[in-house]
Enquirer: 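Structure below; questions to follow.
If you read the sequence from its start, that first residue is 1, and numbering goes on from there. Given the structure is predicted, the values throughout are model-derived calculations rather than measurements. Hydrogens, waters and symmetry mates play no part in the numbers below; they use all other heavy atoms, side chains included.
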Amino acid sequence: FCVLFILPPFHAPARSKTDSLTRLIYTEKDLAKKHALYLDRALTYSRNELDKAYRDVEFAGKYFEGKRDFRALADYRLSLADVYFLDRKYKKSLENDSLGLRLSDNTAYVKGKARALGNIARELFLLGQYQEVAHCLEQAIALEKKMKPIDHGRLAELYNRMGIIKAAN
């Protein structure tokens with residue numbers, strides 16, 4: 001007796017999301033929202049499309065740097081960190097997440113701070129710097145729980161990371 005599961009290609013959902021974001025980018029009139037969509041789209045590319053991800057993030061970053069919108073600049077740094085992470089450049093990812101954390105702290109941007117702390121924890125873990133990992137995750141979880149509405153997917157991801165850290169120790 002044999003059961004065969006036929007699954008769609010792994011990249012299909014991401015491609016669909018990439019295409020949807022591309023359509024939104026072309027129709028969005030508000031320039032700040034349009035460039036935020038570039039940041040979102042950058043995170044949907046696969047590892048073999050990193051050139052597109054870097055291009056989208058840098059394009060949005062140049063726009064936000066010109067506007068001096070510090071929350072958007074935090075999102076830019078955090079998105080750039082995510083692309084570096086996907087590219088397995090963990091030190092560059094950590095540098096950009098740290099910049100995103102500072103920008104988020106300076107503007108009381110709770111979502112950015114939570115995202116940065118969670119990402120910093122993953123990078124410290126992969127770089128073998130275990131001392132601060134649990135502390136960063138605890139802070140990120142506490143911040144995520146305070147946000148309205150709660151992003152349950154993000155919160156689950158943080159708890160998953162915490163479980164991995166505890167299992168490793």
Enquirer: Same cluster or not: are Leu124 and Leu126 linked, directly or through other Ile, Leu, Val, Met, Phe, Trp or Tyr residues, by side-chain heavy atoms under 4.5 angstrom apart?
Expert: yes

Enquirer: What's the separation between atom CD in Glu65 and atom CZ in Phe70, rounded to the nearest 0.5 Å?
Expert: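 Reported value, rounded in 0.5 Å steps: 10.5 Å.
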
Enquirer: Kindly say whether Lys92 contributes a backbone atom to a donor-acceptor pair with the side chain of Asn96 at under 3.5 angstrom?
Expert: yes

Enquirer: About how many Å separate OG of Ser98 and CD1 of Ile120, when rounded to the nearest 0.5 Å?
Expert: 4.0 Å

Enquirer: Taking distance alone, no hydrogens or angles, what donor-acceptor pairs closer than 3.5 Å link side-chain atoms of residues 130-147 to residues at least two apart or in another chain?
Expert:
from   : atom 1 : to     : atom 2 : distance (Å)
Lys145 : NZ     : Tyr159 : OH     : 2.9

Enquirer: Could you measure the distance from the OH atom of Tyr76 to the CG atom of Leu39? Nearest 0.5 Å is fine.
Expert: 9.0 Å

Enquirer: Decide whether Leu103 and Val110 are clustered together by the hydrophobic rule: side chain heavy atoms of Ile, Leu, Val, Met, Phe, Trp, Tyr closer than 4.5 Å, transitively.
Expert: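 Leu103 does not cluster with Val110.
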
Enquirer: Kindly work out whether a path of hydrophobic side-chain contacts (I/L/V/M/F/W/Y, heavy atoms less than 4.5 Å apart) joins Met162 to Leu155.
Expert: yes

Enquirer: Closest heavy-atom contact between Glu123 and Leu94?
Expert: OE1-CA, 3.2 Å

Enquirer: Counting C-beta onward and ignoring hydrogens, is there a side-chain heavy-atom pair between Asp97 and Arg77 closer than 4.5 Å?
Expert: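 The answer is no; the side chains never approach within 4.5 Å.
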
Enquirer: For Glu49, is there an ion pair with Lys52 - N to carboxylate O distance below 4.0 angstrom?
Expert: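 Salt bridge between Lys52 and Glu49, a charged N being under 4.0 Å from a carboxylate O: yes.
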
Enquirer: Please list, chain by chain and in numerical order, all residues satisfying side-chain contact (heavy atoms from CB on, under 4.5 Å) with Leu86, sequence neighbours excluded.
Expert: Arg47, Leu50

Enquirer: By ring-ring contact (aromatic ring centres under 6.0 Å, His included), which residues pair with Tyr84, not counting sequence neighbours?
Expert: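 Result, ring-ring contact (aromatic ring centres under 6.0 Å, His included) vs Tyr84: Tyr54.
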
Enquirer: Starting from Leu31, can I reach Val57 by hopping between I/L/V/M/F/W/Y residues whose side chains sit under 4.5 Å apart?
Expert: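 As far as the 4.5 Å side-chain criterion goes, Leu31 and Val57 are connected within one cluster.
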
Enquirer: Could you give all pairs that pass the ring-ring contact (aromatic ring centres under 6.0 Å, His included) test and reach residues 85-105, with sequence neighbours left out?
Expert: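 Pairs touching residues 85-105 that pass the test: Phe85-Tyr90.
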
Enquirer: Taking side chain to side chain donor-acceptor pair (under 3.5 Å) as the definition, give me every residue that meets it alongside Gln129, ordered by chain and number, with sequence neighbours left out.
Expert: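 Scan of Gln129 (side chain to side chain donor-acceptor pair (under 3.5 Å), adjacent residues dropped) gives none.
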
Enquirer: May I have the step-by-step check of salt bridge (Lys or Arg N to Asp or Glu O under 4.0 Å) for Glu157 and Arg154, ending in yes or no?
Expert: CA-CA 5 Å; Glu157 181 182 327; Arg154 176 78 179 144; 3.4 Å; yes

Enquirer: To the closest 0.5 Å, what do you measure between NZ (Lys67) and CG (Leu73)?
Expert: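 So the NZ of Lys67 and the CG of Leu73 are separated by 12.0 Å.
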
Enquirer: Any idea which heavy atoms bring Leu78 and Gly100 closest together, and the distance?
Expert: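 Heavy-atom minimum between the residues: CD2-CA, 4.1 Å.
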
Enquirer: Can you see which heavy atom on Ala81 is nearest to which on Ser93, and at what distance?
Expert: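 Closest pair (atom of Ala81, atom of Ser93, distance): O-OG, 2.7 Å.
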
Enquirer: Could you tell me which residues satisfy ring-ring contact (aromatic ring centres under 6.0 Å, His included) with Tyr63, sequence neighbours excluded, listed by chain and number?
Expert: His35

Enquirer: Going by salt bridge (charged side-chain N to carboxylate O under 4.0 Å, His left out), name the pairs with one or both residues in residues 79-88, residues two or more places apart or in two chains.
Expert: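 Salt bridge (charged side-chain N to carboxylate O under 4.0 Å, His left out) check on residues 79-88 returns Asp82-Arg115, Asp82-Arg122, Asp87-Lys89.
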
Enquirer: Can you list every pair that meets side chain to side chain donor-acceptor pair (under 3.5 Å) and has a residue in residues 100-109, with sequence neighbours left out?
Expert: Asp75-Tyr109, Asp105-Lys113

Enquirer: Identify the heavy atoms of Ala36 and Phe64 that sit nearest to each other, and give their distance.
Expert: N-CZ, 3.7 Å

Enquirer: Are Leu117 and Leu158 linked, directly or through other ILVMFWY residues, by side chains that come within less than 4.5 angstrom of each other?
Expert: yes

Enquirer: Sequence neighbours excluded, which residues qualify as side-chain contact (heavy atoms from CB on, under 4.5 Å) partners of Glu28?
Expert: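 Glu28 satisfies side-chain contact (heavy atoms from CB on, under 4.5 Å) with Asp30, Lys33, Lys34, Leu37 only.
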
Enquirer: Got a donor-acceptor contact below 3.5 angstrom from the Thr27 side chain to the Leu24 backbone?
Expert: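 Such a contact is found between Thr27 side chain and Leu24 backbone.
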
Enquirer: Are the aromatic rings of Phe59 and Tyr38 close, with centres under 6.0 Å apart?
Expert: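 Yes, ring centres under 6.0 Å apart.
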
Enquirer: Tell me the salt bridge (charged side-chain N to carboxylate O under 4.0 Å, His left out) pairs involving residues 35-45, sequence neighbours left out?
Expert: Arg41-Asp56

Enquirer: Got a sec, which residues hit side chain to side chain donor-acceptor pair (under 3.5 Å) with Arg71, two or more places apart in sequence or on another chain?
Expert: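 For Arg71, no residue satisfies side chain to side chain donor-acceptor pair (under 3.5 Å) once neighbours in sequence are set aside.
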
Enquirer: Identify, with sequence neighbours excluded, every residue that meets side chain to side chain donor-acceptor pair (under 3.5 Å) alongside Asn48.
Expert: Ser46

